[in-house]
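The next block holds one structure in the form of structure tokens; read it before the comments.
Predicted model, so just to flag it, every value in this text is computed and none were measured.
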Amino acid sequence: MAKACYPGSFDPFTNGHLDVIKRIANLFDEVYIVVSNNIKKHYLFEANERKELILEVVKDFKNVKVVIDDGLVVNFCEKNHIDIIIRGLRNIQDYENEYSLFEFNKDINNKIETLVLFPNRNSRVVSSSAIKELVKYDCNIEKYIPLVIKDKVIKRIKEVL
């Protein structure tokens with residue numbers, strides 16, 4: 001059985017994330033969406049809230065599981081017998097960050113591979129900071145956030161700003 005892990009903070013979950021999930025759900029028997037906390041980030045949503053939002057979006061995907069894990073992704077993969085880590089790259093800054101993670105992961109376990117997917121055209125510029133700024137200035141974010149969670153994301157951003 002082919003398994004993959006798609007880790008991230010997902011704060012907020014975007015259509016770019018959903019695009020990656022749709023694509024990998026067609027390639028693997030099981031896909032684990034791993035919600036994690038990055039010590040460098042401040043979050044709009046707690047990890048359990050992010051998990052619940054993602055579950056709302058992916059509820060129709062039979063082979064997708066959403067979990068929270070604050071450890072190293074490579075260790076999560078080892079524990080769950082997953083050989084593939086999926087990462088999305090939007091720009092050169094993402095590349096530099098992801099390449100460093102790739103090297104560390106290979107040092108820890110060289111049997112776990114990292115596959116990179118590029119976003120679709122509509123998702124290349126989407127970031128959590130861009131979403132926050134658009135909401136702050138009352139712009140429409142329907143193009144960037146799954147509709148089923150859009151109102152919750154807007155409400156939280158407006159509470160924080």
Side-chain angles (χ1 to χ4, degrees), residues 2-73 76-77 80 82 84-98 101 114-161:
K3 297 184 196 179
C5 167
Y6 180 40
S9 54
F10 306 109
D11 188 55
F13 188 81
T14 69
N15 285 334
H17 297 128
L18 181 57
D19 173 60
V20 170
I21 291 168
K22 285 178 181 176
R23 291 159 59 196
I24 61 178
N26 287 323
L27 298 173
F28 296 94
D29 299 314
E30 284 185 21
V31 173
Y32 289 80
I33 310 306
V34 180
V35 177
S36 60
N37 288 317
N38 181 328
I39 59 173
K40 298 176 192 172
K41 293 185 179 181
H42 299 284
Y43 294 102
L44 287 172
F45 295 95
E46 297 295 325
N48 61 336
E49 293 175 304
R50 287 180 267 148
K51 176 183 175 183
E52 292 304 316
L53 290 172
I54 296 168
L55 284 169
E56 282 184 59
V57 176
V58 302
K59 66 182 178 217
D60 294 331
F61 291 82
K62 303 299 181 218
N63 62 333
V64 173
K65 298 175 182 183
V66 183
V67 299
I68 298 171
D69 189 274
D70 281 333
L72 294 175
V73 172
F76 175 86
C77 290
N80 292 281
I82 298 170
I84 306 290
I85 298 170
I86 304 294
R87 301 303 296 176
L89 290 182
R90 296 170 298 175
N91 53 45
I92 196 69
Q93 292 87 356
D94 283 354
Y95 172 81
E96 290 173 356
N97 293 332
E98 294 302 335
L101 290 173
T114 299
L115 297 181
V116 173
L117 291 180
F118 295 99
N120 66 34
R121 187 169 287 162
N122 296 330
S123 302
R124 289 185 192 142
V125 297
V126 179
S127 67
S128 61
S129 56
I131 297 295
K132 292 171 194 170
E133 188 170 358
L134 289 171
V135 170
K136 178 180 179 179
Y137 294 106
D138 294 319
C139 296
N140 186 346
I141 61 168
E142 287 183 4
K143 183 176 179 180
Y144 310 113
I145 298 286
L147 293 179
V148 69
I149 63 169
K150 180 189 75 143
D151 291 339
K152 291 176 184 173
V153 170
I154 291 171
K155 182 179 181 217
R156 179 61 55 89
I157 292 171
K158 288 188 176 208
E159 290 171 355
V160 172
L161 296 180

So, are Lys155 and Asp151 salt-bridged, with charged N and O less than 4.0 Å apart? no
What's the spacing between [X] [atom1] and [Y] [atom2] if we round to 0.5 Å?
X: Leu18; Y: Ile145; atom1: CG; atom2: CD1; value: 10.5 Å
X: Tyr32; Y: Phe76; atom1: OH; atom2: CZ; value: 6.5 Å
X: Lys22; Y: Asn120; atom1: NZ; atom2: CG; value: 9.0 Å

Atom pairs and distances, donor-acceptor, side-chain atoms in residues 127-135, under 3.5 Å, two or more places apart:
from, atom 1, to, atom 2, distance (Å)
Ser127, OG, Ser129, OG, 3.2
Ser127, OG, Ala130, N, 3.1

What are the two closest heavy atoms between [X] and [Y], and how far apart are they?
X: Asn15; Y: Lys143; value: ND2-O, 3.0 Å
X: His17; Y: Tyr6; value: CD2-OH, 3.4 Å
X: Ile82; Y: Cys5; value: CG2-N, 3.8 Å
X: Glu98; Y: Leu89; value: CG-CD2, 3.5 Å
X: Ala4; Y: Ile86; value: CB-CG1, 4.0 Å

Output all residues satisfying side-chain contact (heavy atoms from CB on, under 4.5 Å) with Lys41, sequence neighbours left out; order by chain, then residue number.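 Per chain and number, Lys41 pairs via side-chain contact (heavy atoms from CB on, under 4.5 Å) with Ser9, Asn38, Tyr43.
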Just list the side-chain donor-acceptor pairs under 3.5 Å for residues 53-72, sequence neighbours left out, or say none.
from, atom 1, to, atom 2, distance (Å)
Glu56, OE1, Lys152, NZ, 3.4
Glu56, OE2, Lys152, NZ, 2.6
Asn63, ND2, Ala25, O, 2.9
Asn63, ND2, Phe28, O, 2.9
Asp69, OD1, Gly71, N, 2.9
Asp70, OD1, Asn37, N, 3.2
Asp70, OD1, Asn37, ND2, 3.3
Asp70, OD2, Asn37, ND2, 3.4

Please check: side-chain N/O of Lys3 versus main-chain N/O of Asn80, any donor-acceptor pairing under 3.5 Å? yes
Whether Arg87 side chain and Leu117 backbone form a donor-acceptor pair below 3.5 Å: no
So do the side chains of Ile85 and Pro7 get within less than 4.5 Å of each other, counting heavy atoms only?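 Yes, side chains in contact.
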With sequence neighbours excluded, what pairs up with Lys158 under the salt bridge (Lys or Arg N to Asp or Glu O under 4.0 Å) test? Asp138
Salt bridge (Lys or Arg N to Asp or Glu O under 4.0 Å) against Glu49, all qualifying residues, sequence neighbours excluded: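 Once residues adjacent in sequence are excluded, the partners of Glu49 under the salt bridge (Lys or Arg N to Asp or Glu O under 4.0 Å) criterion are Arg156.
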Under the side-chain contact (heavy atoms from CB on, under 4.5 Å) rule, what do Asp11 and Phe45 come out as? Steps first, then yes or no, please. CA-CA 7 Å; Asp11 188 55; Phe45 295 95; 3.3 Å; yes
Holding to side chain to side chain donor-acceptor pair (under 3.5 Å), I want the full list of residues that pass it with Lys150, two or more places apart in sequence or in another chain. Glu142
Pair Ile33-Phe10, side-chain contact (heavy atoms from CB on, under 4.5 Å): steps then yes or no: CA-CA 10 Å; Ile33 310 306; Phe10 306 109; 3.7 Å; yes
